[in-house]
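Below: one structure, written as structure tokens.
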Amino acid sequence: QVQLVESGGGLVQSGGSLRLSCAASTSILSVDKMAWYRQAPGKQRELVASITRGGTRNYRDSLKGRFTISRDSAKNTVFLQMDSLKPEDTAVYFCNAQPTILSSTVFWGQGTQVTVSS
């Protein structure tokens, strides 16, 4: 079982930046895919970005160019760098781990709140 702990959320002004961290209890190189999701009040949870074991990155089209996913495998940590933040980015951001694409099993962190003021 993979345990995930997010950190780095907070309050930031429009146009500002934040970097979120997701610390995993296992080697992230032993996980097929790590991802960030977000959920705003009244909205569906949506994929923000993902990174595979091999390092392939994918982004939600509307966020591409502003958000960057990266990792430090030695520290079992995945990051989400968020730049040029907008009020509509306000949401709870969740870390997600899929140990193997051969299984639907995924693990979630507790979430960290990001609030962007205008």
Which distance, rounded to the nearest 0.5 Å, do you find between the [atom1] of [X] and the [atom2] of [Y]?
| X | Y | atom1 | atom2 | answer |
| --- | --- | --- | --- | --- |
| Lys33 | Thr100 | NZ | OG1 | 11.0 Å |
| Lys86 | Ser14 | NZ | OG | 10.0 Å |
| Leu63 | Ser84 | CG | OG | 11.5 Å |
| Thr52 | Asn58 | OG1 | CG | 8.0 Å |
| Gln1 | Thr105 | CD | OG1 | 10.0 Å |

Where is the tightest heavy-atom contact between [X] and [Y], given as atom of each residue plus distance?
| X | Y | value |
| --- | --- | --- |
| Asp89 | Val116 | CB-CG2, 4.3 Å |
| Leu4 | Ala97 | CD1-N, 3.8 Å |
| Thr77 | Lys75 | OG1-O, 2.8 Å |
| Met34 | Cys22 | CE-SG, 4.3 Å |
| Leu80 | Val48 | CD2-CG1, 4.1 Å |

Original post:
Does a side-chain N-to-carboxylate-O contact under 4.0 Å join Asp32 and Arg53?
Top reply: yes
Is the shortest side-chain heavy-atom distance between [X] and [Y] below 4.5 Å?
| X | Y | result |
| --- | --- | --- |
| Ser50 | Arg57 | no |
| Val114 | Thr90 | no |
| Phe94 | Arg45 | yes |
| Arg60 | Glu46 | yes |
| Thr26 | Val31 | yes |
| Ile51 | Arg71 | yes |
| Thr112 | Val92 | no |
| Asp61 | Tyr59 | no |

Give a yes or no on whether [X] and [Y] share a hydrophobic cluster (residues Ile, Leu, Val, Met, Phe, Trp, Tyr; joining criterion: side-chain heavy atoms under 4.5 Å apart).
| X | Y | answer |
| --- | --- | --- |
| Leu85 | Phe79 | no |
| Leu20 | Leu11 | no |
| Leu18 | Tyr37 | no |

**OP:** Would you tell me whether Asp83 and Ser17 have side-chain atoms, one donor and one acceptor, within less than 3.5 Å of each other?
**Re:** yes
Original post:
Do Tyr93 and Arg38 have a side chain donor and acceptor closer than 3.5 Å?
Top reply: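 Present: a donor and an acceptor within the cut-off.
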Subject >> Exceeds 12 heavy-atom contacts within 6.0 angstrom, atom CD of Gln13 >> reply: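 At most 12 heavy atoms, drawn from other residues, nucleotides or ligands, come within 6.0 Å of this atom.
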**OP:** Might you confirm whether atom CD of Gln110 has over 12 heavy atoms from other residues, nucleotides or ligands at distances under 6.0 Å?
**Re:**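 Yes - once you tally the heavy atoms of other residues, nucleotides and ligands closer than 6.0 Å, there are more than 12.
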Original post:
Would Phe67 and Trp36 count as a close aromatic pair, with their ring centres under 6.0 Å?
Top reply: no
